[in-house]
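Worksheet for the structure shown next.
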Amino acid sequence: MNQNGFPSDLLKKPPADRIAYFNDYTMAHPILADVIQKLMSCIQESADNSLIFIFGPTGVGKSTLLRRVSQKLIKASLSGLKSNKGRIPIAGIEAVAPEFSNFDWKDFYWRAFNALEDPFGDTRCLSPGHSKLKMRVALESALRNRQPDIFYVDEAQNLGKVSSGRKLRDQADCIKSLANLSSVQFVLVGTYELLMLRNLSAQLCRRSIDIHFPRYQAELPQDLKVFRSIVHTFQQNLPLADESDLVEHWEFLYERSMGCVGILKNWLSRTLTNNLKEDKTCQKIQLKDLEKYAPPLEKCLVMVAEIREEERQLDNKVNSSDLRAALGLKAISADQPEQTPTKKTRRAVGKPAPQRRPVGGGQGAK
């Protein structure tokens with residue numbers, strides 16, 4: 001290794017090798033590490049929760065999350081796989097956006113079945129031309145045979161692309177039923193559009209867990225400090241002869257990535273790739289290069305408006321008094337605990353109730 005983060009002999013290799021190194025490079029920054037820890041805890045400790053929702057802004061790094069969790073699950077399962085060679089620790093697919101108004105479940109079942117590569121399932125007897133029911137039964141069987149710790153669905157917000165509200169609830173119930181019947185936890189990963197599928201029924205609320213994968217926010221000083229550190233780490237891992245001074249331009253990098261590490265990484269990858277294609281002897285990335293390949297300003301404005309709106313909705317937390325009112329309980333003030341009702345004492349049988357007697361010169365005086 002040289003003073004940077006990449007192997008020193010990488011500079012002697014062709015541009016394609018250097019580009020591949022940076023494209024494959026990932027870092028476990030604090031938000032990513034926190035989300036990984038939460039997801040691993042859910043997988044290991046929450047068997048009763050058949051669905052796990054992971055949502056966040058586009059480009060936040062959800063693909064990196066799935067890759068890192070896959071590595072952890074495979075490593076943790078190696079010893080057990082020797083005695084159960086048919087099991088796989090993790091499998092998943094990307095949910096395809098429908099061509100028309102409704103999500104295509106037959107396509108989903110077919111892709112999921114093939115992702116499992118079930119040695120007990122005969123793919124020759126199953127094709128996209130078969131009925132939806134047959135394909136679903138085959139998928140359930142493959143899930144039971146393969147016994148993955150999780151089956152993930154990336155871009156899961158596409159499940160919500162249906163023509164009516166009633167069908168929207170059916171989408172979530174279908175995934176929940178598939179998870180229950182196969183005894184496999186399903187992890188739905190997507191943008192904030194996934195929020196519409198979370199709480200469509202009491203049963204779904206009871207059997208699901210939410211994990212928010214946020215971006216780094218400029219309003220939080222600690223987030224900006226971490227973001228600058230992330231920029232510096234990427235700077236050290238750009239396989240170029242001279243170290244690029246990206247930290248000097250961190251505000252511009254934040255502006256066009258909106259604090260999303262995935263967007264930042266793709267931007268730097270695109271810049272590195274094009275620079276090396278144009279000039280194999282490229283020494284470093286400069287501001288003019290970043291500006292040339294930056295995400296367009298008008299697109300950033302659209303994305304940040306959508307992100308901020310969804311973040312505001314998440315911040316609108318339900319007050320506990322709403323729940324107490326729905327349950328018929330008395331509301332409790334935050335600064336004044338509920339008073340215990342005073343216990344009434346019962347009078348002895350035959351003893352009259354106390355009453356005020358007249359005084360002075362009234363008719364009752366003698």
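What's counted below: heavy atoms across the whole structure, side chains too, no hydrogens, waters or symmetry copies.
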Do the rings of Tyr192 and Phe55 sit parallel, tilted or perpendicular, given the 30° and 60° boundaries?
tilted
Report the distance from atom CD of Gln185 to atom CD1 of Ile150, rounding to the nearest 0.5 Å.
8.0 Å
Does the ring of Phe22 carry Lys265 above it, NZ/CZ under 6.0 angstrom from centre and within 45° of its axis?
yes
For Glu99, look at atom CD and say whether over 12 heavy atoms of other residues, nucleotides or ligands are found less than 6.0 Å away.
no
Under 3.5 Å, is there a donor-acceptor pair linking the side chains of Thr26 and Arg67?
no
Would you check if the side chain of Arg144 reaches a backbone N or O of Leu181 as a donor-acceptor pair within less than 3.5 Å?
yes
same_hphob_cluster(Met303, Leu268) at 4.5 Å side-chain heavy-atom cutoff:
no
Would you say the side-chain atoms of Ser177 pair up with the backbone N or O of Asp173, donor to acceptor, closer than 3.5 Å?
no
Charged N to carboxylate O below 4.0 Å: is that the case for Lys12 and Asp17?
no
Within the side chain of Lys85, is there an N or O that forms a donor-acceptor pair under 3.5 Å with the backbone of Lys82?
yes
Within the structure provided, determine whether Met258 and Pro57 are in side-chain contact (heavy-atom separation under 4.5 Å).
no
Does Phe113 belong to the same Ile/Leu/Val/Met/Phe/Trp/Tyr cluster as Val96, with side-chain heavy atoms less than 4.5 Å apart forming each link?
no
A side-chain contact here means heavy atoms from C-beta on lying under 4.5 Å apart; do Val69 and Met40 qualify?
yes
Would you find a donor on one side and an acceptor on the other, under 3.5 Å apart, between the side chain of Gln44 and the backbone of Cys42?
no
Cluster partners of Leu220, using ILVMFWY side-chain heavy atoms under 4.5 angstrom, listed by chain and number?
none
Out of the candidates Thr64, Leu32, Asn237, Ile230, only one should pair with Met27 under the side-chain contact (heavy atoms from CB on, under 4.5 Å) rule; please name it.
Ile230
Is it possible for you to say whether Val304 and Leu253 belong to one hydrophobic cluster, with membership spreading through side-chain heavy-atom contacts below 4.5 Å?
no
Side-chain donor or acceptor of Asn274 paired with backbone N/O of Arg270 under 3.5 Å:
yes
So, do Trp105 and Tyr109 have ring centers that fall under 6.0 Å from each other?
yes
Verify, without hydrogens or angle tests, whether Tyr254 (side chain) and Tyr216 (backbone) share a donor-acceptor contact under 3.5 angstrom.
yes
Can we say Glu311 and Arg308 salt-bridge, meaning some charged N sits less than 4.0 Å from an Asp/Glu carboxylate O?
yes
Are any side-chain N or O atoms of Glu94 and backbone N or O atoms of Glu155, one a donor and one an acceptor, separated by less than 3.5 Å?
no
State whether the side chain of Arg256 and the backbone N or O of Pro295 hold a donor-acceptor pair below 3.5 Å, judged by distance alone.
yes
Thr233 side chain to Ser229 main-chain N or O, any donor-acceptor pair under 3.5 Å?
yes
Phe227, Leu287: one ILVMFWY side-chain cluster at the under-4.5 Å cut-off?
yes
Joint hydrophobic cluster, Ile93 plus Leu143, side-chain heavy atoms closer than 4.5 Å
yes
Please check if the number of heavy atoms outside Lys161 that lie under 6.0 Å from its NZ is greater than 12.
yes
CZ-CD1 distance between Arg146 and Ile90, expressed to the nearest 0.5 angstrom:
14.0 Å
Has the side chain of Asn266 got a donor or acceptor atom that lies under 3.5 Å from a matching backbone atom of Ile263?
no
